[in-house]
Number of protein chains: 2
Amino acid sequence: MTARKSKYICCTESPNDDITINQKTSDELALLAKALGHPVRVHILKVLSLKESCICGEIVEQINGLAQSTVSQHLKILKEAGLIRGEIEGTAVCYCIDYHGLKRLRVLIAEI
Amino acid sequence: MTARKSKYICCTESPNDDITINQKTSDELALLAKALGHPVRVHILKVLSLKESCICGEIVEQINGLAQSTVSQHLKILKEAGLIRGEIEGTAVCYCIDYHGLKRLRVLIAEI
DNA sequence: TATTATTATCGTAATATAACGATTAAGTCA
DNA sequence: TGACTTAATCGTTATATTACGATAATAATA
């Protein structure tokens with residue numbers, strides 16, 4: 001990619017005309033954002049944020065009107081993205097926010 | 001929803017046991033995050049960030065290997081989410097980041 | 001006015017996501 | 001051991017997303 005003049009006023013000439021963009025962090029950010037990209041999953045994070053930690057069953061109660069299997073699926077997506085963690089406690093599973101993941105999301109957005 | 005004792009150690013009792021969560025902001029955050037939840041769209045934002053503003057055609061060039069119509073679709077999604085703006089300049093359209101939208105995303109994440 | 005340049009939209013196909021009920025798995029307790 | 005509790009997984013269906021090529025729309029220009 002070579003720098004070149006643009007005939008468009010809006011396209012400012014800049015030393016950044018030769019662009020190199022970190023694809024890896026783009027992918028990482030996209031994955032995190034995608035995990036957050038559903039109202040129910042945002043809601044789950046808020047529940048966990050307010051309650052510090054919470055067993056799956058109580059989360060299902062908080063998410064009114066959705067089947068347990070559906071909530072479980074959302075929890076899985078959040079977990080795989082690194083936004084929450086789950087710890088087995090007896091027959092239950094206790095979920096909490098993974099603040100490393102959440103911070104990483106903030107950092108990656110800030111870097112845009 | 002009434003406050004109740006939990007038999008689980010992990011589930012801390014807290015004054016937030018009666019949870020009220022703002023569904024509207026959850027939806028808003030989910031929409032913004034969803035728009036960001038694709039590597040190509042993150043890439044587009046980075047291109048715009050580095051170049052300040054950019055005509056659609058140059059963005060298409062930067063996104064190697066995707067058809068013009070596909071990139072146009074991604075631009076539409078970003079625009080509808082309020083993450084970019086487009087200004088017609090002759091036959092071209094000049095896109096730039098909508099920093100209000102991006103800031104709103106940051107704020108909503110920070111509020112989780 | 002006809003042509004060119006640029007971008008948006010349309011129609012379509014392949015794939016992914018979201019939701020459900022039913023079932024499985026694994027730990028607890030009588 | 002057998003029943004119960006809790007959560008994950010499976011199979012399925014409906015819907016949404018992503019990508020493409022083709023076409024339409026609009027402004028600039030010859």
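Here the structure is a predicted model, which is why all the values come from computation and not from measurement.
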Whole-Å gap separating C1' (dT18(D)) and NE2 (H43(B)): 17 Å
Nucleotide-resolved protein contact map, nucleotides 22-30 of chain C, B/S/- at heavy-atom distance under 4.0 Å: B----BS--
d(CD1, I59(B); P, dA8(C)) in whole Å: 9 Å
Minimum heavy-atom distance between K34(A) and R41(A), given as atom pair plus value: O-NH2, 3.4 Å
pair E80(A)-K76(A): side-chain heavy atoms closer than 4.5 Å: yes
For atom CD of E80(B) and atom C1' of dA16(D), their distance in whole Å: 14 Å
Test item: L32(B) and I109(B) side chains (from C-beta on) under 4.5 Å apart, heavy atoms: no
Phosphate-side-chain proximity, Y95(B) and dA8(C), N/O vs OP1/OP2 below 4.0 Å: yes
Test item: I112(B) and L29(B) side chains (from C-beta on) under 4.5 Å apart, heavy atoms: yes
Same apolar cluster (I L V M F W Y, side chains within < 4.5 Å links), L31(B)/V42(A): no
Value in whole Å for how far the P atom of dT6(D) lies from CD of E61(A): 10 Å
Length of the line joining K79(A):NZ and dT9(D):P, which is rounded to integer Å: 8 Å
Length of the line joining R85(B):CZ and dT7(C):C1', which is rounded to integer Å: 19 Å
Side-chain touch K24(A)/D27(A), heavy atoms, less than 4.5 angstrom: no
Contact state string [nucleotides 12-19 of chain C, B base, S sugar-phosphate only, - no protein heavy atom under 4.0 Å]: ----SSBB
Expected output: side-chain K46(A) to main-chain N22(B) donor-acceptor under 3.5 Å: yes
L36(B) vs L36(A) side-chain heavy atoms within contact, under 4.5 Å: no
